[in-house]
Amino acid sequence: MTITQVRAACPHDCPDTCALLITVEDGVATEVKGDPDHPTTAGVLCTKVARYAERTYHADRLLHPMRRVGNKGEGKFERITWEQAIDEIATRLGGIVARAPQAILPYSYCGTMGQVQGESMSARFFHKLGASLLDRTICAMAGFIGYKYTIGATIGTDIEQFQDAKLIIIWGGNPIASNLHFWMRAQEAKRRGAKLIAIDPYRSLTAEKCHQHIALLPGTDSALALGLMHVLIAEDLVDQDYIDQYTLGFAELKLRVAEWTPERTADTCGISTNEVLGLARAYGQAARRGEPVAIRTNYGVQRVRGGGMAVRNIACLPALVGAWRHAAGGIQLSTSGSFPLNKPAMQRPDLLTTPARTINMTTIGDDLLRESSPEFGPRIEAVIVYNANPLAIAPDSDKVMRGFLRDDLFTVVLEHFQTDSADYADILLPATTQLEHIDVHHAYGHLYMMANNAAIAPLGEAKPNTEVFRLLAARMGFDDPCFQESDDQLAAQAFDKTHARAVHFDWESLKRKGWQKLAMPDAPFANGNFPTPSGKCEFYSASMLADGLDPLPCYIAPYESRASNPVLAAKYPLAMISPPARNFLNSTFVNVISLRGTEGEPRLDMHPDDCTPRGIADGDMVRIYNDRGAFVCKARITPKARAGLVVGLSVWWKKLASDGKNANQVTSQALTDMGRAPTFYDTLVQVEKAA
Ligand SMILES: Nc1nc2c(c(=O)[nH]1)N[C@H]1C(S)=C(S)[C@@H](COP(=O)(O)OP(=O)(O)OC[C@H]3O[C@@H](n4cnc5c(=O)[nH]c(N)nc54)[C@H](O)[C@@H]3O)O[C@H]1N2
Ligand SMILES: Nc1nc2c(c(=O)[nH]1)N[C@H]1C(S)=C(S)[C@@H](COP(=O)(O)OP(=O)(O)OC[C@H]3O[C@@H](n4cnc5c(=O)[nH]c(N)nc54)[C@H](O)[C@@H]3O)O[C@H]1N2
Ligand SMILES: [Mo]
């Protein structure tokens with residue numbers, strides 16, 4: 001028997017991007033472990049990826065190309081050869097290209113975060129076709145833009161510093177579920193005497209374990225940040241020296257936040273005045289004592305109408321108290337902006353020679369149902385889905401389904417499994433998993449470049465995404481040499497090696513070592529140097545004004561809340577959020593039986609006060625509905641959800657739910673203030689006992 005150990009990287013859409021060690025016995029992956037030497041992975045994997053071998057060898061893996069034989073959505077297929085599949089796809093796409101290349105749409109997201117199996121050969125192919133571009137907004141765009149207005153780029157506190165902070169505010173994140181290796185650092189900080197405070201409308205696994213939990217109303221974070229700034233300035237808890245040297249617009253900010261008294265803030269956020277005052281003082285006084293104070297803000301604050309502004313406002317706080325002076329102070333939203341990626345080399349936008357329209361992936365429901373028009377352009381005639389599961393994860397799901405049901409739509413899905421989306425494919429292609437292909441990764445929660453070596457041969461006839469697009473390019477006669485580059489050649493181009501932070505990037509040595517840290521200073525903004533237009537932390541942003549936004553921090557109320565839309569709230573009085581379940585990764589892993597077993601079944605957490613008047617008992621099946629749709633699941637009565645809020649941990653495969661539906665039946669396609677991103681947590685519903 002030959003036993004080898006292969007260095008790999010976790011491909012999932014998670015800040016932690018773990019370094020993996022794969023044990024391979026006679027060509028079979030027998031164990032997936034966290035690399036004990038990698039500083040943030042530290043030998044620990046989440047429950048999901050520890051089961052990566054179970055997922056890879058799952059009996060339901062797609063192993064052959066298939067063609068639909070039943071109706072769309074029915075999921076009935078017959079086996080075909082790769083030659084037939086490539087031939088049929090190329091013929092269908094060729095016919096559309098001759099008339100209207102923009103009628104072809106790629107639909108992909110972060111099923112894998114790999115730079116190679118993500119957007120490399122695929123992007124080259126669609127650029128050459130002249131297909132529509134896809135705006136990949138479904139996750140992080142609102143906060144990304146908001147953060148950039150204040151800080152300049154998604155650069156922040158290094159996860160490896162957090163254990164030295166004395167106060168950590170976990171703001172709209174649930175790291176025990178979704179950022180485990182950050183939570184390990186926060187735990188270490190706690191052991192060293194730090195105070196942890198969670199800001200979250202739901203008593204999440206994380207909020208439960210913090211010293212304090214502030215359960216504000218969803219979508220009111222931008223108001224809380226304004227109120228905190230009010231108190232910090234009113235009580236002179238600011239670092240005037242840092243402000244004078246490294247920030248822009250303090251005088252204007254001071255005027256603006258004057259109106260955000262603790263009382264008004266508390267009223268807007270649905271919390272007490274003491275919570276506002278207490279939080280501001282804890283933060284400002286610790287900073288005044290010279291202690292590192294750090295904020296970990298995540299996606300929870302962004303999935304509402306004012307999601308961009310919320311992040312923009314929160315990002316002002318560290319500069320106000322001079323927290324950036326310390327390596328363990330500041331804020332982390334994402335570290336992705338630290339990585340000098342070479343996207344043009346990977347994606348070759350120069351191959352696109354005709355003007356292209358851009359379709360927003362968040363509004364795929366509406367866009368698939370649109371007719372041709374001068375404003376929209378041609379009706380979408382073909383969708384190629386890879387690294388994504390739009391039927392389960394996109395908002396306003398009934399419309400998404402109706403779109404994919406269209407008989408005149410040609411749909412190709414590249415997948416590991418027969419997901420909800422795969423059921424609507426005309427051609428379904430088997431994709432390799434991370435154990436079966438090469439890739440190179442950056443991270444959004446740490447600062448290491450990562451290599452993924454293939455541990456095993458592809459199962460069945462599965463092929464890497466890149467190979468599918470290579471075959472299609474060849475079949476369509478694209479003769480540019482870039483369409484023949486191997487995955488290895490692609491990986492070598494991922495980072496901009498001329499950039500000071502990545503000069504040391506070398507794919508061959510990265511493959512051997514598995515990971516390598518970027519050259520980043522420990523306290524990136526201790527001496528200003530913000531990558532904004534002014535070089536300062538921008539309390540006042542001329543770029544925002546130019547983009548038609550308020551140049552100063554302000555409050556943008558949710559689309560759907562009792563305060564902002566009383567008419568709608570009279571019909572649908574409960575706010576619903578659907579954040580990640582611990583044992584799933586978006587809709588990935590839902591079909592892994594051991595993990596689904598741990599999650600149990602789809603359920604809705606409801607406060608006792610909301611159950612009693614509705615006659616709902618614990619364990620009852622309930623129907624959750626609004627004008628967009630309805631779904632059914634089991635009620636769990638718990639004070640973890642504040643009164644007026646219901647929580648459905650997500651994202652379930654629809655076909656594994658009793659009614660074939662999930663939380664996205666009721667979420668809307670309305671977009672955030674910045675970045676055209678989704679508003680999953682800006683949703684009013686009514687709940688009743690199911691018939
Ligand atoms: N186990 C697991 N890990 C994951 C994922 C997963 O599905 N499962 N998904 C991955 C992906 S793609 C992402 S983007 C990240 C997301 O990771 P997080 O940022 O942790 O997830 P969120 O969806 O933002 O939810 C985090 C918390 O925000 C709270 N929240 C909801 N609305 C609000 C609000 O208006 N204000 C505030 N302050 N809090 C609010 C929710 O109750 C929840 O507890 O996690 C990644 N990691
Ligand atoms: N209600 C609600 N909806 C949400 C969210 C929420 O919190 N609540 N979260 C949102 C967020 S943050 C995000 S990021 C999106 C995520 O939405 P998606 O990016 O669509 O993520 P997944 O649901 O994990 O689906 C990814 C699919 O890619 C496949 N895949 C993985 N690797 C490969 C590969 O190498 N090749 C191919 N061809 N396929 C591969 C997996 O099998 C999986 O089915 O969902 C969003 N939707
Ligand atoms: Mo995400």
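Just so you know, these numbers come straight off a predicted model, no measurement behind them. Whatever order the structure lists them in is the order used to number ligands and atoms, beginning at 1.
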Ligand 2 contact on [X] by region, counting heavy-atom pairs under 4.0 Å:
X: Gln434; value: neither
X: Thr433; value: neither
X: Ala431; value: side chain
X: Asn664; value: side chain
X: Ile393; value: both
X: Asn662; value: neither

Considering non-hydrogen atoms of the protein only, which is the closest contact for [atom], and what is the distance?
atom: atom 16 (C) of ligand 1; result: Tyr299 CD1, 3.6 Å
atom: atom 8 (N) of ligand 1; result: Phe584 O, 2.5 Å
atom: atom 14 (S) of ligand 1; result: Cys139 SG, 3.1 Å

Between Asn465 and ligand 2, is there a nitrogen or oxygen pair with a distance under 3.5 Å?
-> yes

Compute the shortest N/O to N/O distance between Glu415 and ligand 2 and return yes if it is under 3.5 Å, no if not.
-> yes

Ligand 1 versus His12: contacting region, heavy-atom distance under 4.0 Å | neither

So for Ile577 against ligand 1, with non-hydrogen atoms under 4.0 Å, the contacting part is side chain

Please state whether Ala581 comes within less than 4.0 angstrom of ligand 1, counting heavy atoms only.
-> yes

With a 4.0 Å cut-off on heavy atoms, does Gln302 reach ligand 1?
-> no

Establish, for the pair Arg305 and Tyr559, whether the NZ or CZ atom is under 6.0 angstrom from the six-membered ring centre and no further than 45 degrees off its axis.
-> yes

When the ring centroid of Phe77 is compared with that of His64, is the distance short of 6.0 Å?
-> no

Between Arg676 and Asp135, is there a salt bridge with N-O shorter than 4.0 Å?
-> yes

Per-atom contacts of ligand 1 with Asn174, taking only distances under 4.0 Å to non-hydrogen atoms = 20 (O), 26 (C), 44 (O)

Backbone or side chain, does any N or O of Pro15 fall under 3.5 Å from an N or O of ligand 1?
-> no

